[in-house]
Enquirer: 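Mind looking over this structure? Questions follow.
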Amino acid sequence: MDHALSGLKALLPSLADYRDIKRTWRGDLMAGVTVGIVALPLALAFGVSSGAGAESGLVTAIIAGIVAAIFGGSNVQVSGPTGAMVVVLAPVLAVHGAGALALLCLMSGVIVIAAGVFGLGRSVSFIPWPVIEGFTFGIAVIIFLQQVPTAVAGTQADSTNAAIAAFQAVTSVDPARVGWALLMVAIVVITMLVTVRIHPQFPASLVAIVITAVLAVTTGMPVDTIGALPTGLPAPMFPEVSGELIAVLAGPAVAVAALAGIESLLAARVAASISDTGPYEADRELVGQGLASIAAGLFGGMPATGAIARTAVSVRAGAQTRLAAIIHGVLLLLVVLVGSAVVAHIPLAALAGVLMVTAMRMISLATVLTVIRSTRSDAIIFIITAIITISVDLVYAVIIGIAAAAFFALRQLAGTSGVQRADLPGPVRPGDERIAVFRLEGALFFGAAEAMLERITELRDIHVVIISMSKLQILDATGAQVITELTSSLERRGMTVLIKGIQPQHLGLAERVGVVRSLRHRNHLFDDLDAAAAHARSHVERLRPVEEK
């Protein structure tokens, strides 16, 4: 009971989260303002791109940003709407409509909280690097393709596949408006690429948005804009719940929850590696992100995750505690309260340009080349994950990528295993040709057991077989069963099997599976080769008179 209470307490906020504020508040304030400025255009753009609307993106950045900062397990993580989540949400909202968003937030948030409560936080550490990079590459491509319809002022396609929608938009452009839309995109891209050279922390996206908005208003360009936004946060509303809708959204909710957990934990891990604010608490981070998605959904927002890029901006701007992320949310709230009329004039094509540049920056050519050049298996895993991410589904991509990585890892591990014919110790004696010593090495598991079985069952004219297991590092149930079957088979053929050197960590498994029972006598277990060889030679000596007759 006490252990459970202490575990639950570790998932909740405490005053210790803010013990350094007296020393760090200036840096946290500056970091919060900086990342808030950076987050504004991204929140608007991600909201529009997902189909939920710019208001939903802002609400998510505000509500989820503050809630995740308070309840999450990272001291510097900045949360809100992200490109990866948009990739998952866009097809879901296209099919089920924006009315399903609140319930989707609630369901996915509960799943993420449950994952944290049941201690699944550290599972993200088992995702191989090529899978993460392939996943990131695929997301970046999808985000870029999702902006094409807006960037060319083309007709919004019905397809939920980003590549197909982009192609359909390009082939259905409005000649009277495509030039203006592309001009907006070009201004944003050039501004962001040029101004970032002035200073890495320069709010390039915000400057680009301001330039295009002023230009659109003063010249009367025929471009689509965000439109009217509320001057405050909407009142919280609990979503309508029905068994039918829950059943329909169950699959998407699991996908959203899986993505929220994976991306948030990856972002928290990156944050811990680039800051000196201590490690993150993985399970608490999941609980915090789940609560953030639920809270955002109640106010009309969308599921949230930790945002790697915004977190990095915050850390580099001086963030030391979670106060920085809270200030980022408060700043965005002030924008809604006093600046919504100005935000309404931002061209949608400009937001598309921001996300196009963001997508391009997500791809590191050097990293991609490193993965591809590392090993053939890693290159295959990267390519498989990226292709499935783009063409099928993000969660399936991670699952299949992990499965592919596991396959190659097991194949490599199986390659380290072996069965070696060894010599008997001491000088050669008459009858030694009737004794075979086999040394098992490396890993004997389901991927390597058959090879051992084939090797030893080829024996002919042998009276005693000694199986040495002292060099065996890994033994699973399949491997133990193969040894059992091998021993029984050799015994039925009239051979005596001796087993030498079962390691203590393997002995329990060997007894449970039946390795020991398959021996003719339990005293056919030996700790060293000399004793096993002596017993084998004595056995052969007893059989020699029979053969001579």
Side-chain angles (χ1 to χ4, degrees), residues 82-88 90 122-148 161-167 189 192-193 196-197 200 255 258-259 261-274 305-312 355-417 442-443 447-448:
T82 62
M85 187 58 70
V86 165
V87 171
V88 172
R122 292 296 175 184
S123 59
V124 73
S125 61
F126 296 109
I127 301 178
W129 179 51
V131 174
I132 294 173
E133 294 301 332
F135 177 75
T136 303
F137 182 91
I139 287 173
V141 172
I142 294 176
I143 292 173
F144 188 93
L145 293 173
Q146 283 178 337
Q147 311 318 310
V148 171
N161 183 280
I164 295 175
F167 175 78
V189 172
M192 291 183 68
L193 295 180
V196 75
R197 297 179 179 274
L259 177 62
I262 292 171
E263 188 174 18
S264 297
L265 292 175
L266 288 177
R269 189 168 71 179
V270 171
S273 68
I274 64 175
T305 74
I308 295 176
R310 273 159 276 173
T311 299
L355 290 188
M356 283 181 163
V357 175
T358 301
M360 290 187 291
R361 287 176 176 170
M362 288 176 66
I363 298 175
S364 169
L365 184 58
T367 301
V368 171
L369 292 176
T370 300
V371 176
I372 292 177
R373 292 171 178 171
S374 55
T375 65
R376 182 180 179 183
S377 60
D378 287 333
I380 293 173
I381 293 167
F382 171 84
I383 293 170
I384 288 175
T385 305
I387 290 175
I388 296 176
T389 299
I390 296 169
S391 60
V392 184
D393 181 83
L394 275 72
V395 177
Y396 284 139
V398 172
I399 294 173
I400 294 175
I402 293 174
F407 168 77
F408 285 114
L410 289 176
R411 192 176 72 167
Q412 184 178 13
L413 186 61
T416 65
S417 63

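Each residue takes its place number in the sequence, starting with 1.
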Enquirer: If you look at every heavy atom in V131 and I127, which pair is closest and at what distance?
Expert: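 That closest heavy-atom pairing would be CG1-CG2, 3.9 Å.
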
Enquirer: Going from CD on Q147 to CG on L355, what distance comes out if it is rounded to the nearest 0.5 angstrom?
Expert: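 Between atom CD of Q147 and atom CG of L355 there are 4.5 Å.
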
Enquirer: Rounded to the nearest 0.5 Å, what separates atom CZ in R373 from atom CG in D378?
Expert: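 With rounding to 0.5 Å, CZ (R373) is 14.5 Å from CG (D378).
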
Enquirer: Given I143, which partner from the list M362, M360, M356 fulfils the side chain to side chain contact (heavy atoms under 4.5 Å, CB included) test?
Expert: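 Of the listed options, the one satisfying the test is M362.
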
Enquirer: Dump the intermediate steps for side chain to side chain contact (heavy atoms under 4.5 Å, CB included) on F382 and V368, then the final yes or no.
Expert: CA-CA 9 Å; F382 171 84; V368 171; 3.8 Å; yes

Enquirer: Verify side chain to side chain contact (heavy atoms under 4.5 Å, CB included) between F408 and I380, making sure each step is shown before the conclusion.
Expert: CA-CA 10 Å; F408 285 114; I380 293 173; 4.0 Å; yes

Enquirer: Scan residues 356-371 for pairs that pass side-chain hydrogen bond (donor to acceptor under 3.5 Å, both in side chains), counting only residues two or more places apart or in two chains.
Expert: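 For residues 356-371: S364-T367.
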
Enquirer: At their closest point, which heavy atom of A84 faces which heavy atom of E263, and how far apart are they?
Expert: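 Heavy atoms only, the tightest pair is CB-OE1, 3.4 Å.
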
Enquirer: Indicate the atoms forming the closest heavy-atom contact of I363 with A140, along with that distance.
Expert: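 Nearest pair, atom of I363 first, then A140: CG1-CB, 3.5 Å.
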
Enquirer: Taking all non-hydrogen atoms of both residues into account, name the closest pair between I139 and G83 and its distance.
Expert: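 That would be CG2-C, 4.3 Å.
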
Enquirer: With sequence neighbours left out, what residues match F135 under ring pair (Phe, Tyr, Trp, His ring centres under 6.0 Å)?
Expert: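 With neighbours one apart ignored, the set is empty.
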
Enquirer: Please report the shortest heavy-atom distance between A397 and T385, naming the atom on each side.
Expert: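 Result for this residue pair: CB-O, 3.6 Å.
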
Enquirer: Where is the tightest heavy-atom contact between I381 and A405, given as atom of each residue plus distance?
Expert: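 Scanning both residues completely, I find the closest heavy atoms to be CD1-CA, 3.4 Å.
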
Enquirer: Nearest 0.5 Å, please: how far is CD1 in I384 from OG1 in T389?
Expert: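 Going from the OG1 atom of T389 to the CD1 atom of I384 covers 11.5 Å.
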
